[in-house]
Asker: 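Handing you a structure now.
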Protein chains: 2
Amino acid sequence: MDLKQDIKLAVDIVIFGYEERQLFVLLIKQKYGKYKGRWLLPGGFVKNKEGLKAAAIRELKEESGVVVDDLEQLFTFGDDVKRDHRGRVVTVSYFGTVKPSSMKLKAATDSIDAKWFTIESISDLPYDHNQIVETAFNRLKSKLNYQPIGFNLLSKKFPFSDLENLYMTILQSPIDRRNFRKKILSFDFLEETDELLSKGSGRPATLFKFNKKKYQSSLKRGINFEIKFA
Amino acid sequence: MDLKQDIKLAVDIVIFGYEERQLFVLLIKQKYGKYKGRWLLPGGFVKNKEGLKAAAIRELKEESGVVVDDLEQLFTFGDDVKRDHRGRVVTVSYFGTVKPSSMKLKAATDSIDAKWFTIESISDLPYDHNQIVETAFNRLKSKLNYQPIGFNLLSKKFPFSDLENLYMTILQSPIDRRNFRKKILSFDFLEETDELLSKGSGRPATLFKFNKKKYQSSLKRGINFEIKFA
DNA sequence: TCCATTTGCGTAAAATATACACATATAATC
DNA sequence: GATTATATGTGTATATTTTACGCAAATGGA
């Protein structure tokens, strides 16, 4: 075993939120160090007896107050030996999705503040955090096309138009309302509630909710959830 | 910076080869340590001033003699704190594809031997290497469906039946020869040569070759390379 | 009451996938 | 040399999926 290895291992987390036709990314304001006062991704060093994903969940909670029970591993950044000024640091990035209104942001260890930023407003982050956000955004977009990942970003019960707007916002492309609805409903993982929602003028919308059991049984039946758009 | 962190960072590499309707994985025979004499994935510790992918390429070459110019990052294993008996080791896994007959295997540092194993014959590898191989195999299968990844595994010039057999072998499902050919040709990244290949009886096959430029121009035109099978 | 707005549903046309059948060119066999 | 076995090369009809729309229904506001 090479005892001279001196590489630090960190995690960084990209959390997406969605509200009112806008996609947000969670950033924190750094408390210490070279980038004190700067906004960047939540993250930090992995503890010796802590799993990678656990470290990401912990750091996220500590620095922003956001609690998630699962994150997806994105990519491990470590080809650039000098990506961190403090020495050799390799970081394992994670991404997740939450509904911003369901989370109360609060700063704590290592962070002064935590805030949602629209994806367009993000630029010039320290380290290679711009690249990490870009990687996460690409993953989000591509996953949206073949996995029902959008439901974490909406309320439990939502009108179809919310889902439609979410897709159009993230994929940045127009969608035919009628074909989209048909396609999603054909997957048979949405459950129609008997509630209606009237927002302003127009016909009230029936509220739907995502049914995880139906989703899983559809998965077993080998259904392909791919969505194609014109 | 947490100076007490004591985590070692390693890389492990899964290289696939294909020959005669069989898919192979490259393993090496360990020279030292607890698993001396056992077959396992090539890999090793990352050097302080060495990029992750570079480390993977180096270890692969040192331990097996296989030279590749690129590898794809697979997954970083580090949720299990005790995946390695030597202490806390996190490993970044990579995968790649080569044509076995074009590579001369030779052992060197840390390995006694290097050999191709059929994917079915692999079982009971040390550490979590079975899981790494499984992850890589799943990635290979899914990539085959939407990227022209199979050509690295074949000769430069090949008959269509080679490609067909490759797909059937990896995906473990029968393919309609005529529809497969039509689909692949419609992507317009194969070039027909004027050479014919006669192997045994039967009509000689025209040899094709993968045209990278055509592929890239098709990519730009937004062509979807997804292949669906019955 | 009329109009603007949003939801909900259906259907025709185009594109794609699927399921097949047969001609062609070679080696092996008689 | 004729016949047979084997693998390659191409076409076409049918089923399925995607795409492009039109219009009715239910509400708030003028």
Side-chain angles (χ1 to χ4, degrees), chain A residues 20-21 144-146 150 154-155 157-169 171 173-209 218 221-230, chain B residues 20-21 144-146 150 154-155 157-169 171 173-209 218 221-230:
Chain A
E20 300 285 332
R21 303 190 190 206
L144 205 60
N145 284 311
Y146 62 89
L154 298 176
S155 305
K157 295 174 185 176
F158 53 87
F160 227 99
S161 56
D162 273 14
L163 193 61
E164 192 191 311
N165 286 325
L166 171 72
Y167 273 73
M168 288 199 289
T169 301
L171 299 176
S173 79
I175 294 174
D176 183 280
R177 194 168 52 86
R178 295 153 290 186
N179 293 335
F180 177 74
R181 186 185 178 110
K182 255 182 299 183
K183 187 76 182 177
I184 297 284
L185 286 177
S186 78
F187 293 152
D188 197 42
F189 52 56
L190 285 193
E191 197 176 313
E192 194 174 336
T193 71
D194 50 8
E195 290 174 70
L196 293 178
L197 176 70
S198 242
K199 43 177 176 183
S201 77
R203 176 173 176 171
T206 58
L207 295 181
F208 288 83
K209 58 180 175 183
S218 295
R221 303 173 87 222
I223 286 179
N224 185 11
F225 298 104
E226 199 185 340
I227 295 172
K228 293 177 184 173
F229 298 99
Chain B
E20 301 283 333
R21 306 191 188 204
L144 205 61
N145 284 311
Y146 62 88
L154 298 177
S155 306
K157 296 173 184 176
F158 53 86
F160 227 100
S161 55
D162 274 14
L163 193 62
E164 192 191 310
N165 286 325
L166 171 72
Y167 274 73
M168 290 198 289
T169 301
L171 300 174
S173 77
I175 294 173
D176 183 280
R177 194 168 52 89
R178 296 153 291 188
N179 293 334
F180 177 74
R181 187 185 178 110
K182 255 184 296 185
K183 186 76 182 177
I184 297 284
L185 286 178
S186 79
F187 294 152
D188 197 41
F189 52 55
L190 285 193
E191 198 177 311
E192 194 175 333
T193 71
D194 51 6
E195 290 174 71
L196 293 176
L197 177 69
S198 239
K199 44 177 178 185
S201 77
R203 178 175 174 167
T206 59
L207 295 182
F208 288 84
K209 56 180 175 183
S218 295
R221 306 174 86 219
I223 287 179
N224 185 9
F225 298 104
E226 199 186 338
I227 295 172
K228 294 176 182 171
F229 298 98

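This one's a predicted model, so the numbers in the text were calculated from it and none came from an experiment. Labels below follow one simple rule: chain letters A, B, ... track the order of the sequence lines, proteins then strands, and each chain is numbered from 1.
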Asker: Determine, using ring centers only, whether Phe158(B) and Phe208(B) are less than 6.0 Å apart.
Answerer: no
Asker: Quick check: do Leu197(B) and Thr206(B) have side-chain heavy atoms less than 4.5 Å from each other?
Answerer: no
Asker: Using the side-chain heavy atoms of Asn179(A), tell me which of these nucleotides is nearest: dC20(C), dA20(D), dT16(C).
Answerer: dA20(D)
Asker: Taking CG from Leu196(B) and P from dT24(C), how many angstroms apart are they, rounded to a whole number?
Answerer: 17 Å
Asker: Report the distance from atom CD of Glu195(B) to atom C1' of dT8(D), rounded to the nearest whole Å.
Answerer: 17 Å
Asker: On a plain distance test, is the side chain of Arg181(A) in donor-acceptor contact with the base of dG8(C) below 3.5 Å?
Answerer: no
Asker: For dT7(C), take OP1 and OP2 only and decide whether either is under 4.0 Å from a side-chain N or O of Thr206(A).
Answerer: no
Asker: Quick one: do Lys199(B) and Asp162(B) make a salt bridge, cutoff under 4.0 Å?
Answerer: yes
Asker: Taking only the side-chain heavy atoms of Lys182(B) (C-beta and beyond), determine which of dT26(C), dA26(D), dT12(D) contains the nearest atom.
Answerer: dT12(D)
Asker: Ignoring hydrogens and angles, are the base of dA21(C) and the side chain of Arg178(B) linked by a donor-acceptor pair under 3.5 Å?
Answerer: yes
Asker: In whole angstrom, what separates Leu207(A)'s CG from dT7(C)'s P?
Answerer: 11 Å
Asker: In whole angstroms, how far is the C1' atom of dT6(C) from the CE atom of Met168(A)?
Answerer: 13 Å
Asker: Can you check the Phe180(B) CZ to dT10(D) P distance for me, whole Å?
Answerer: 16 Å
Asker: Less than 4.5 Å apart, any side-chain heavy atom of Lys228(B) and any of Glu226(B)?
Answerer: yes
Asker: Round to a whole Å and report the spacing from CZ of Arg177(B) to P of dT18(C).
Answerer: 17 Å
Asker: Respond yes when some side-chain nitrogen or oxygen of Lys228(A) is under 4.0 Å from OP1 or OP2 of dT19(D), and no when none is.
Answerer: no
Asker: Starting at NZ of Lys199(A) and ending at P of dT7(C), how long is that distance when rounded to a whole Å?
Answerer: 6 Å
Asker: Can we call the ring centroids of Phe225(B) and Tyr146(B) under 6.0 Å apart?
Answerer: no
Asker: Let's see if you can work this out: which of dC23(D), dT6(D), dT27(D) has an atom nearest to the side-chain heavy atoms of Ser198(A)?
Answerer: dT27(D)
Asker: Rounding to a whole Å, what distance do you find between Glu164(B):CD and dA7(D):C1'?
Answerer: 10 Å
Asker: Tell me whether the OP1 or OP2 atom of dT7(C) has a side-chain N or O from Ser161(A) closer than 4.0 Å.
Answerer: yes
Asker: Measure from the side-chain heavy atoms of Ala205(B) and tell me the nearest of dG9(D), dT18(D), dT7(C).
Answerer: dG9(D)
Asker: For the side chain of Arg203(B), starting at C-beta, report the closest nucleotide among dT8(D), dT26(C), dA26(D).
Answerer: dT8(D)
